[in-house]
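Structure first, commentary second.
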Number of protein chains: 2
Amino acid sequence: MGVDAVDAVVFDVFGTMTDWRPSVTDALAGVGGAAGLRADWAAVADAWRLRYGVTVGKVANGQLPWQPLDDLHRLMLDEVLTEHGLNALGEAERDSLVRAWHHLRPWPDAAPGLELLHNTPVVTATLSNGGVGLLARLTKQAGLRFDCVLSAELARSYKPDPRVYLLAAELLEVEPRRLLMVACHPNDLEAAAKAGLRTAYIPRPLEWGPDAAPVDPPAGVDLVAEDVVDLARVLAGPGR
Amino acid sequence: MGVDAVDAVVFDVFGTMTDWRPSVTDALAGVGGAAGLRADWAAVADAWRLRYGVTVGKVANGQLPWQPLDDLHRLMLDEVLTEHGLNALGEAERDSLVRAWHHLRPWPDAAPGLELLHNTPVVTATLSNGGVGLLARLTKQAGLRFDCVLSAELARSYKPDPRVYLLAAELLEVEPRRLLMVACHPNDLEAAAKAGLRTAYIPRPLEWGPDAAPVDPPAGVDLVAEDVVDLARVLAGPGR
């Protein structure tokens, strides 16, 4: 598949473009340490993130009403802090931790890969469960040059709700089959494919830390790339 | 007013960031000339654009149902071509002319001004009556680096409907009084101010060609800048 097979490429952000684990672990360690608390902060970060799929899934399938991701992050954080005996953290500290998801470090290939794609005719955009404001600030600070910021917020739902993927195609004015979804999470790509999009898998073996089990590419994915630079090369390459 | 008085800056695009008149005139002359037609193409472009404010205003105030800007441009074009005796132009030619609004030349200060603002903490976004897809392609091709693409389409209305300005503040998660609207059109700024935004006026004396009457800044505007580079310097300047 080459760049002439698609008109636009949309990217997952948490995990695919950014390395949330050390960013969130550092925030927890900083805020928790300043409050005199001790914990395995990476385990707390993992526990927080593990609740994420289930919680946004409930919004995506209609079990929970839509609410901003910051509010969902706060609900999940409260539960995780209770589980880990960290209830000494106050309101301001919890709010500050929720904001840690607004300032995530990019994977090293993300910015150069986007710059390569910027010089092709395809339009690039985020397609994340983060809100528009979060994504605008995160991508600016991380130096991630997207042509457009799209969020599940615009569909007032969350991925993997098919409406999120279809709204991206509608807003970008491209046919779903000419829109490529890029992610490191098989469930995101499977949902995008069901909605009629093309899909590209990028492995992020370090997303859950150095000891995590490897993730297989989902069956039926249109393209597997090593990282965003490799994706840009494949899309722009001579084989297109 | 300095950069610390605002959290985000949103920009009008047609006229304020892009010089639509020669772009659209050239498209008309190209398509019309190829069809063997002769006309004062700049006058046709002006007539087309003159209908714009009235037409989008009817959507903004609820007289007309929302529809994409391409469809409104097409309706207005059909009327203007009839008025100018240019009905020989066919469907494909008319569609191609509507697409001329997707590829407008930027004013020379627009890209460098946005690059200066990119290096400040404020978030920049479009806030245009153009659709999301149009804006993503236009800004990419014109080299206009915005942190976010926002469109009246997301409110399913058009400026000067106050809901457009308020939705921009909501999506960017900023208070309206900390959101600066930049435009060369007084009615856009007056509507933004009524919605509670701060406003900056940039004159574009050549928008309607070299013989147009000068436009006065609207009363009560918070800031007047020479162009986008000047705006960035004022916002980032020592007087902030």
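Here is the naming used below: chain letters follow the sequence lines, and residue numbers restart at 1 for every chain. These figures come from a predicted structure and were not determined experimentally.
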Exercise. Which distance, rounded to the nearest 0.5 Å, do you find between the CG of B:Asp147 and the CZ of A:Arg137?
Worked result: 10.5 Å
Seminar exercise, completed: Checked B:Val123, B:Thr126, B:Val132, B:Val149 vs chain A; the most non-hydrogen pairs under 4.5 Å come from B:Val132
Exercise. Among B:Ala136, B:Ala8, B:Gly131, which residue forms the greatest number of heavy-atom pairs with chain A at distances under 4.5 Å?
Worked result: B:Ala136
Problem set entry | For chain B, the option from A:Gln141, A:Glu170, A:Arg145, A:His118 that forms the most heavy-atom pairs under 4.5 Å | A:Arg145
Problem set entry | Residue B:Leu150 versus chain A: region with a heavy atom under 4.5 Å | side chain
Exercise. Are the side chain of B:Lys140 and the backbone of A:Pro121 linked by a donor-acceptor contact shorter than 3.5 Å?
Worked result: no
For this session: For the residue pair A:Glu173 and B:His102, establish whether any side-chain heavy-atom pair is separated by less than 4.5 Å.
Result: yes
For this session: Indicate yes or no: at least one non-hydrogen side-chain atom of A:Leu171 is less than 4.5 angstrom from one of B:Leu154.
Result: yes
Exercise. Does atom CD of B:Glu226 have more than 12 heavy-atom neighbours, drawn from other residues, nucleotides or ligands, at distances under 6.0 Å?
Worked result: no
